[in-house]
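Here's the structure, in structure tokens; my notes come after.
What you are looking at is a predicted structure, and each value in this text was computed from that prediction instead of being measured. Letters go in sequence order (proteins before strands), and every chain restarts at 1.
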Amino acid sequence: MNNIAFNVALPLLTAFLLPIISSGSKSATRFVGPFVLLAMLWFALAYFNVLQHPVAIALGGFLPPLGISFHLDNLSLLMAALIPLMMLLLWPYNNREGFREESLLLLLAGAASGLALSGDLFNIYVFYELLSVASFGLAAANRTAAAFAATFRYVIISGLGTVLALTGIALIYTQTGTLNLAHIGLLASQLNNPVGLSAFALIVIGIGVKAEIFPVNGWVPEVYSTASPRISALLAGLISKLAVLVIIRLLVVAYQGSQALTLLLVLGMLGIIWGELSAWHSKDLKRMFSFSSIGQLGMVLVAFSIPGDAGMAAGIAMMLHHLVVKPGMFLLTENWNGPIKKLKGAATSSPLAAFLFMLFALSMIGVPPLPGFWAKLLLVTGLVEANAPLYIIALVVLLTATVIEAHYLMSTALKIFSRGKKKHFKKLLQTPFNLTIATIFGAVLLAALFTLTPLGNKLNQIATESSDRSLYIKTTLSLKLPPQVKQQVSKVQ
Amino acid sequence: MNEILLTIIEVIMMPIVAFIVGLFMVLMMRKLAARLQRRIGPPLFQPLYDIIKLYGKQTQISHGLIHDIGIIMAVGGYVAAEALLPVPGMDGIAAKGGLVTLAYLTMVPSLGLALGVGQCANPNGSIGISRALTSMLAYDIPFIIVVFGVAYHFSSTNLVSIIATQQAGGISTWGISEMPVLALAGLFALHASLGKQPFEIYIAPAEIATGPMVEMGGKFLGGLFVMQSFQLYTASVLYVSLFLGGGENWITFLLKCFAVLAIPIIIAYLFPRYRTDDLVRLVWKWPVMLALIGVAFVMN
Amino acid sequence: MTTLDTLLLFSLLTVLVSGLGVRLKMIGWVSAIMFAAQFVALLFMGGLGYGGSAIESSVSLTILNQPLSWRFDSLSWFFALITIGSALASSIFAAGIWAKKFHKHDGKPGLLQFAIALNVFTMLLLLASGDLLSLFVGWELVSWASLLLMVMAGGSSSQWGLRYIVYATAGAMAVLAGIGLIYHLTGSFSYADLANTAATFSSTNIVILSLLFIAGFGVKMGLLPFHLWQAGAYAEAPGPGSAFLGAISSRMGLYAMLVVVIQLIGLARLIAIEIPFSFLSLRDMLMWVAAFTIIFPTFTALRQNDARHLLAWHGIGQGGYMMMGILVLNPLGSAGGLLHVFNYASNQAALFLAISAVVYRTHTADLNRLGGLVTRMPLTFVVLLVGIIGLAGIPPMNGFVSKWLIYRSLIVEGMPLLFVATVIGTLGTILSVYKLIHNTFLGQLRLEHEHIREVPWSMLAPMLVLASVVFMTGFMPGLVLDWVVSAQAALGIPQLAHTLGGVESATGNLDMIWITLVLFGGFGVGALLFYSGNKAKRVHQLDNYAGGHFLTADDRYHYSNNFYAGLMHHIGSWYRGTFKWLESSIISIVSLLSGSTQRLFHSFHPALFLLIAATLSLYFFVG
Amino acid sequence: MRNISALVFASGLAFLLLVITWQFILGGAPMLIGEAILQQAAEELGAANLVTSVVLGYRGIDTLGEIAILFTASTATSLVLSSIAEKTSAKSKPGLRDDGTILASSASLFFPLLMTIGLYIILHGHLTPGGGFQGGVILAAAFFLPLLAVPGRGVNHSGLALVEGFAGASFIVIGIIALFQGKAFLQPLFGHGEMGSLLSAGSLPLLYIAVGLKVGAELSGLLANLAEPSGNGDETLSATESASTEQTSMQAEKTKS
Amino acid sequence: MTTNLIHWLLYGGAMGLIVIGIVGVVTLTNIFRIILALVIAEAGANLLLVIAGYRFDAIAPILTGQALSAMPTTQIMVDPVPQAMVLTSIVIGVGVQALALALVLKVYKNYQTLDLREIHHRMLADIDHSSGVISLLSEEQPKGERPLPEPETKNVLNSGGEK
């Protein structure tokens, strides 16, 4: 089990060595990355298959809570497997210039894996920072003036975010005297007070910068419309989910009170409203998709704010769905980035892309029997089951937002499918590379459609497991506790 | 078996009776008009002569098959409608159709006429038809309210049973004495449906050259004359059987019919002509109001 | 492998084949044959039409612990019959020479066939749904499938399609909310649980549920005020497509409403609920909605100058009759409503096909650019005539029977105002359909239409068949009433005592056989009189009274524009376009909001929002 | 307006934060793991400097992450600053301006001094205050001083890259060796040795050396990058040049879209 | 009393630094100053962390002298964990600030200004232009033409905004 550490160590190692390799041979630079990612994928999947029940590993052999521990359960391993997968799909195979983007991507992969696996609050913070810095670099990689400006604003806002998050961590440490999530969970009773809750609020808003939580997502439209679509796809699809994952871990382990949930619910609702409305108003695909991804993450947040397994299942379903759909859509924006009214005849110039767009759009609106519908169904039933006025409002918001979503997506789709002038067709042609990747995403969506039943069962299993607080704590602290901590823990309780 | 035979015989007889009575009604109308205008008026068989003359004319101008079919429908529709109107001793298929059916069956002739006129491709004709249909829209609303009231009052749409109930109870149970307001509204609607002054805007001889009739000559016009006599008959008999307890025997029956018909005709020759929209406004205001009040009385 | 599976399998095969062979020449006929095969498969389930017990499908899924199942009962069978029948007619119409011309004007006949097949398949799925979840799945599929049929013509149709899909999504979301509420109340999606526990729901829940469902399903039925999308969306589709859509598509809403509101929740609950500050119960309110749905669209149709739009607007109005009849909920009324579904479908299909035949020859459906075609296209004229008589509900066509049932039910229940409303609707229909036939077939023949001929048989055949259906089912309504009654039985509402000729009841019979025979006898007499007269001589159209001067073919004297000038002079000012105004105001509100929200993202300092958010959330926890 | 609202909310935030912190007792925070570490760190790791044992032992992966962040930052910086073509290789311009002999010579005088101090601090990281980071920073200063004294003097980027690459790699490799020995990742190797002596605390000193070199290389690389924007000296010139490259890049993407 | 004073001084100081930093970031418009404000805020957060490990009259957690032999030590030591964390977060901060500085350099070269407002406007204009949409900020600007004033220095170039 210790070998899962490779998922963090290997990409970092490769990234460190990449400059040297590149001075050696350019071709090696291009291909070492994918190999490492494959290795990561292999590790993750291997454990994903053998894993019976959650496992914790102590890094450096120092038992938690003293040392840092990785927490391996279905959810974290799933994420750990998805990270290299997405990276492989969105890898810049056709990048001719230098090694920097590759190494940044590898660092991103390492950081993401660490974030997904880590069970220690401060360690999460470190990996989160690594993630951020790498994504800054990637966001600026386009080297246009606008990209620099957007990235700068991104850096500032997320820098502030980390300050808040760090403050929150400090508060938690001052309150409990420990950093290990499981240990914090053990002492959760001390956090169920204004101090602890405000620490949670600070962390949510801090980490929320990456999770595109309203209102700290001002960077989203700017960065996504200046960065290259691959990067946007990565940020919107993968990175935001990891940030959400952190919040969820914290929520499940330490903050099961209703107040924390209310905060998430309200933020999520505002996110939905703002995102969808702005998307409705936007006049080009890139910004439309960035706004709509804000809305989608709002939905994810709302889903997670439903107490119990139902919320967890719905949230994970929404997360995975968005993870598949949104990158596919962003990939299509590379050559369709003009104003929407110029998209006439796009379908005739590249029909496959148009079909994919339609597929993604329908699934996003939640048209049965596409997977998006089932995710939305889980969300709706969950909200109704939660049966509190605020949740009913959330339901109304959700449904209204869906209508707005349908309007702007369909008006775009009808533009795409309407007849256009011959002379524009060449401009609207999709690059085969992007098209292939997008097709893969579409294929995944359809495959999910045909394996709904097993997926649903697996989903429920994951949800029940990862929403089980005591299980998490037991898993980590079942490693032999050092005596002092034992008696301190007992003293605390 | 033989009651089917009987029905068939009745169905054949009733239109003939209707035609004869209708002719006399036309005669009465013209006589009354003449008297009101200080004239002597036509002799007894004048209406019949007119029709025969028209059918026998030398120059018969047809604008094509639909033109002919229109006239045929116009006449045939009424012929069929008569079979639904019970007269003393003959019920025909009144029991099988009922009030609502009759009301809609009487639209067939107007539709046929409309088709025929339309085929003639004469703008005057088309204008006339559009006005005729409009005025139909106008007077059918109070009429249908009246129908509803009566049907609800007698809790039946079967004319036979309606008449039977009235005759059983004598005058006090007649529609007119039980629901006078409705009866008044019905009279109004009846008058409007006859298409006489002041509701004859769709003919307007001076303006659109007699509208629907503009292209009608010879047997086509004759068909219209036949239709008119049927129309007078149908309207009066329907009113009689709704409000005046139908006919116990032929004498009372015919008396009632002519009496009912006399009222609108007398009114007709004292009034000028309404414009279409005025007509609609008028008919939608007073008769409808009356009819609704009447229904309210009936239903409370 | 039950018969239902066979039917669905055939339907799916039709979709696949027509989808794969989109580009083929022969695909039209192939899919027409496959529709015929579906029809036969449906007839094998004919037992359902005569009170047979429901047929389960052997296919069933379980997704996220939610079972989905499919079954067919008499009601579904009745609707499926109409669906496949109209699909068959449209597909045959579109298969032959029509397709060639359509292809010449860069349309895609194969795609049309595919779209129709897809619609049929999804509709069958909806009709076969065995629980609320599969009902919703089918519902959404139907909505999106019909979008394909609506927008495939391109051009202005895409705008209508967009409008439609927004309305449809809103409706679907309402339905979804309702289903969610039911799930919360009963803990499952199955019909049985709902039917069993519906009695225990609180009346607030009942109100919420019925409003959600009727609004949701009403969007597709085009109930006021959700009707704005329908006319254009149906009319702008390619000819046969709009025939199919107009005939059946929006009836799916009626079906879903029947199943959920009538069959499962039960109308009794609705009647029991009083609306505060009014004498109305919830049921009465819905009936008034139906009444307005009859009147307003009908009189909007009166003003249309495009034949297809005129018919499509009538489609909305006729939907109101069905709703009305079913809400009356005595045997007469519900039978009338259900029967009208069939009758109206046959009329509308015939009419739309006839009109698209006219368009096929003249390239226009503009009522001011046509006229006098009867001499050139007599058979099409006959079809249209039969169709409009049926649509207007005048004897002896079938439309009269269903409307008669509805009138009678209203009289029996003693609802004068609603009765008057329905009659006003009928009168308006008569006016506008006469305008239709007058402006297209009667009057002056335009110069450019001198040389057009009757349409070919591949198009005439389905039209004539439909016309004969309209007549026969008017002549012997009993044929259809059998199916209607078994549908009533399936719905669990009182059933109508009927005969082959119509209705047998103490307080007022209807025997269409006698009436029809007598009517034609009357025509016979009329003909006798007419032809006993002196022989008439045929003259040219132009040879008629024109105030003394000679008409020539190039001056247009066809009285078509603003046909009911007098009426419009009176009621014209009543057309306020209120609903359009409502819609546009909603849209502008949304755009206002969205503009302001986007401005927030453009404010040049996101950090401020971070500060505000942090402060507020801290205040939420500490303060 | 914005400032006012900002101030209002900021004061609110400040107030709330103070309300929160007022509930703490200074120095009374429960330090569960702190206590435990103080108790057992010495015999577990055998490093006299307990902070070091935390930094490299208990929280070793944090340290790995943090040097990774430094590396990422410098990579991103050079990605940002380099123009399209790879031109970060060392170059020294002719006719660079000289800021006086004293400065230059003292800079070259300081160089060895700073090097020694830095290395000392690094090597004794596990015994005395200080360690890899502190020492690394001093090393960076040593490298950067001449650059300040004589602007435009090139820095050997490829050399730096080599150092940082191998230093970072070695840190990870040490961790992985532990894995291959069946231990956990980053578990200290070798025995503790005799506490307080230079050769003690197992592999911690090695790690610290790696960290020190890495940090030094990173920082000097960063500073050098910032000092010589887009790899060549003169400001306006570079402005036009980089601008023109922006130009071309924009054109490129325009034509692409 | 003194403890209170120290308490205020330390905690108040930390929080004050954070808030000051945030206010700076929000209100300032010069992007370089914004970076400095960010640094201040981070300093505050670090200070808060360190305080968490504070103990009254305790020594640094380094074993010296006899403590080396006599284990476990008798003296009270401050918590080593926060110190390690602060070390980490400081270095992290350095990295981020360096990147931010690099970006400032580039932005300045492209837009010839350090005013965030100006930069933001021109960035939006660039985005709109590159995506072929007329600016959402100024609806009534003439098509295609950039509504912004020409940058002063002629050898500066506004990033392909205008052609």
Side-chain angles (χ1 to χ4, degrees), chain A residues 153 156-157 160-161 164 194 197-198 200-202 204-205 209 215-221 259 262-263 267 273-274 277-282 291 362 365 367-369 373-374 377-378 380-381 383-385 387 395-396 399-400 402-404 406-407 410-411 414 417-419 452-453 456 459-460, chain C residues 61-66 106 133 136-141 143-144 147 151 154-155 158-159 161-162 165-170 172-174 176-177 179-181 183-184 590-591 593-614 617-618 620-623:
Chain A
R153 292 159 59 76
I156 293 303
I157 184 79
L160 272 188
L164 288 188
L197 283 171
S198 41
F200 175 72
L202 288 172
V204 165
I205 293 188
V209 174
V216 290
N217 47 20
W219 57 275
V220 170
Q259 269 186 306
T262 315
L263 177 70
L267 287 179
I273 297 169
W274 244 261
L277 279 177
S278 314
W280 188 85
H281 198 278
S282 54
F291 285 128
L362 290 185
I365 297 167
V367 177
F373 164 69
W374 300 104
L377 184 70
L378 278 177
V380 169
T381 47
L383 282 172
V384 181
E385 285 295 326
N387 190 25
L395 178 64
V396 175
L399 298 179
T400 323
T402 311
V403 177
I404 297 175
H407 184 259
M410 276 309 112
S411 57
L414 289 174
F417 279 96
S418 60
R419 300 196 179 84
L452 272 172
T453 315
L459 179 68
N460 286 330
Chain C
L61 301 173
T62 303
I63 299 174
L64 304 167
N65 316 339
Q66 305 296 356
D106 63 18
L133 199 50
F136 184 75
V137 172
W139 178 257
E140 279 283 67
L141 285 175
S143 307
W144 288 88
L147 177 65
V151 301
S158 71
Q159 281 317 307
L162 180 59
I165 202 58
V166 173
Y167 274 89
T169 318
M173 287 307 122
L176 187 56
I179 289 178
L181 180 53
Y183 182 76
H184 172 59
V590 169
S591 75
L593 283 176
S594 63
S596 45
T597 49
Q598 210 178 45
R599 228 161 253 291
L600 181 133
F601 282 109
H602 285 300
S603 75
F604 79 94
H605 225 313
L608 179 58
F609 301 125
L610 181 134
L611 172 59
I612 294 172
S617 49
L618 279 195
F620 174 63
F621 285 134
V622 176

Chain A contacts, top residue of C/S158, C/S591, C/G161 (heavy-atom pairs, under 4.5 Å): C/S591
Is there a side-chain contact between C/Y183 and A/E385, using heavy atoms and a 4.5 Å cut-off? yes
Rounded to the nearest 0.5 Å, the CE atom of A/M410 sits from the CD1 atom of C/I165 at a distance of 7.0 Å
Looking at C/L593, C/V590, C/L611, which has the largest count of heavy-atom pairs under 4.5 Å with chain A? C/V590
Validation row: C/F620, A/L197 side chains within 4.5 angstrom (heavy atoms): no
Heavy-atom side-chain proximity of A/I205 to C/S617 below 4.5 angstrom: yes
Answer with side chain, backbone, both or neither: which region of C/L608 has an atom nearer than 4.5 Å to a non-hydrogen atom of chain A? neither
Please classify the contact between C/V151 and chain A as side chain, backbone, both or neither, with a heavy-atom cut-off of under 4.5 Å. side chain
With rounding to the nearest 0.5 angstrom, report the CG to CD1 distance, A/L452 to C/I63. 5.0 Å
Closest heavy-atom contact between A/T453 and C/T62? CG2-O, 3.0 Å
Smallest separation among heavy atoms of A/L362 and C/W144, with atom names: CD2-CZ3, 3.4 Å
Name the option with the most non-hydrogen atom pairs under 4.5 Å to chain A; the candidates are C/T169, C/L147, C/V166, C/L162. C/L162
Closest contact, heavy atoms only, C/L64 versus A/G456: CD2-CA, 3.4 Å
Below 4.5 Å from any heavy atom of chain A, which atoms of C/N65 appear? Answer side chain, backbone, both or neither. side chain
Please examine the side chains of A/W374 and C/Q66, heavy atoms only from C-beta on, and report whether any two atoms are closer than 4.5 Å. no
Under 4.5 Å between any side-chain heavy atoms of A/L277 and C/S596, yes or no? no
For the backbone of C/S594 and the side chain of A/S278, can you confirm whether one donor and one acceptor N or O come within less than 3.5 Å of each other? no
Residue among A/S198, A/P221, A/P194 with most heavy-atom pairs under 4.5 Å to chain C: A/S198
Considering only heavy atoms and a distance below 4.5 Å, find which of C/S143, C/A170, C/A168 pairs most often with chain A. C/A170
Rounding to 0.5 Å, atoms CG (A/L263) and CZ (C/F621) come to a distance of 4.5 Å
